[in-house]
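First comes the structure, then the notes that go with it.
On a predicted model such as this, the values are computed, not experimentally measured, just so you know. FYI, side chains are in, hydrogens and waters are out, and symmetry mates aren't considered; it's all heavy atoms of this structure.
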Amino acid sequence: MSTVGTARTRVRNAAGTGSSAHRYENGQNTSPATRALLREIESGGLDIPLPGSGDTWLRWQTLIRLGIEDLSLARLAEGHVDALAILAELGDPPPSRSAVWGVWAAHPPGYRLRARPLDTGWVLEGSKPFCSGARTCTRALVSAEPDSGERLLFTIENKHTIADPGTWAAAGMSDSETCTVDFRNVRAVRVGAPNAYTDRPGFHHGGAGVAACWYGGALAVAEPLAAKARRQGTDPHTLAHFGAVVRDLRCAEDVLRRAAREIDEDPDDAEGRAAERALLVRSAVVSSCTSVLQHCAEALGAGPLASDPAYTRAAQDLSVYIRQHHGDRDLARLGESAAHEHGRDRS
């Protein structure tokens, strides 16, 4: 069996079991990714270990499996399980098993979500872009800013927000329901201390875990080339491109496995390496994914893009999803961190 096929088999065998009480009354009107997400929650497929619990690789295998199946599904599932991990890390009571969660914490220029205190709690006003699962999530963790300036995290019931699907133009990741959401006096409950969301070790553990979704997407993109290599095993052009893809996928998996092991060895980040690790994992996996996309496109040509909807969808989704990585800005941060560490080692 090929490397791609072997990896697909390994992650499928890692699926979890369990139960969930969630029901979605209008499921017939949802996207395939949303319906698959609800089935995963219902079956217990997302009852997975927390980051740093000793089974981080098992956790990431679930995200890889879902990435192979559908990257929009993986994005929705990653937000759901990340929210549960955040609540556990910040000491919030365990959430209801009937909820579908999202994490809406982007803060790009030009947007502000204001948190206004009331005698009985808080309300959120403004807009928040890049909210995945905006029309599916029943609850969400949302970052917002009070007038005092520090960033706070809140839970909301996703009943009174207004999602604008017209704010997502890309064909890639279109089923992830990622769009801008308007908040108009939406009641919220504060979670944790100021800046607790980004200051905790799990922020970086979760950031590395997103790369597991990307890796699953790369496995899906590579499958048609793997099939062609099996059919045309003597074609040097095909084999050269497939060899490069095998290299890239193995490198990505090795980086993810090492990171999962290191997170389990130091879940509280006593060594202070979590931020650099997350940057390294994300940069390495994005590099592998970019190379896989390029080699598959060159080896397969226009044929699959015209005739294979699954391949086209996988390639479009992966091309968009890896843009969550911040490219040269993240590489600069990685270089700064590594240079500082190198200088400390030499002193």
Only counting residues at least two apart or in another chain, list the ones meeting ring pair (Phe, Tyr, Trp, His ring centres under 6.0 Å) with His241.
-> His237, His295

By ring pair (Phe, Tyr, Trp, His ring centres under 6.0 Å) - contacts of Trp122 (at least two apart) = Phe154

Is [X] atom [atom1] crowded by more than 12 heavy atoms from other residues, nucleotides or ligands, each under 6.0 Å away?
| X | atom1 | answer |
| --- | --- | --- |
| Glu336 | CD | no |
| Phe130 | CZ | no |
| Arg184 | CZ | no |
| Arg187 | CZ | no |

Hey, is [X] close enough to [Y] for a salt bridge, meaning N to O under 4.0 Å?
| X | Y | result |
| --- | --- | --- |
| Arg114 | Glu145 | no |
| Asp266 | Arg273 | no |
| Asp55 | Arg261 | no |
| Glu40 | Arg65 | yes |

Ala85 versus Arg59, closest heavy-atom pair with distance | CB-NH2, 3.9 Å

Could you give me the CA-CA distance, side-chain angles and deciding distance for Leu90 and Arg200, then say whether side chain to side chain contact (heavy atoms under 4.5 Å, CB included) is met?
-> CA-CA 8 Å; Leu90 295 182; Arg200 64 198 170 84; 4.0 Å; yes

Pairs meeting criterion salt bridge (Lys or Arg N to Asp or Glu O under 4.0 Å) with involvement of residues 66-82, two or more places apart = Asp70-Arg313, Arg75-Glu78

